[in-house]
Amino acid sequence: MKNTLRVQRAIKNITQADLADAIGVSRQTINTIESNKYVPSTVLALKIARVFGKPVEEIFTLDDED
């Protein structure tokens, strides 16, 4: 799974810590999602999408291998 989380944060000018606080996780969790080391749960992906006011599909996309 790929994501545009880092780009979305830059557009909105928020840090990993800001995003983490907004959705109730650690900054490390945001870092691992951005690094494609961790695939977020559906609930977490929906919370992230809500912060950015975008559909989940604009932030997270499936790879061909998924």
Distance-only criterion, 3.5 Å: show the donor-acceptor pairs between side-chain atoms of residues 35-60 and protein atoms not counting sequence neighbours.
residue: Ser35; atom: OG; partner: Asn31; partner atom: O; Å: 2.9
residue: Asn36; atom: OD1; partner: Asn3; partner atom: ND2; Å: 3.1
residue: Ser41; atom: OG; partner: Leu44; partner atom: N; Å: 3.1

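- Taken together through direct or relayed side-chain contacts under 4.5 Å among Ile, Leu, Val, Met, Phe, Trp and Tyr, Leu5 and Leu62 form part of one hydrophobic cluster.
- Judged purely by atom type and a 3.5 angstrom limit, Arg27 has no side-chain atom pairing as donor or acceptor with the backbone of Gln16.
- Few gaps surround NZ on Lys12; more than 12 heavy atoms of other groups in view lie less than 6.0 Å from it.
- To the nearest 0.5 Å, atoms CZ (Arg6) and OG1 (Thr4) are separated by 11.0 Å.
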message: Show, in sequence, the C-alpha distance, side-chain angles and deciding distance for Ile30 and Thr15, and conclude whether the side-chain contact (heavy atoms from CB on, under 4.5 Å) test is met.
response: CA-CA 10 Å; Ile30 300 303; Thr15 66; over 6 Å; no
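- Hydrophobic cluster membership is shared by Val25 and Met1, with clusters built from Ile, Leu, Val, Met, Phe, Trp and Tyr side chains linked at under 4.5 angstrom.
- Remark: side-chain polar atoms of Asp66 are paired, donor with acceptor, to backbone N or O of Asp63 under 3.5 angstrom.
- When the shell of 6.0 Å around CG of Asn13 is examined, it contains 12 or fewer heavy atoms from other residues, nucleotides or ligands.
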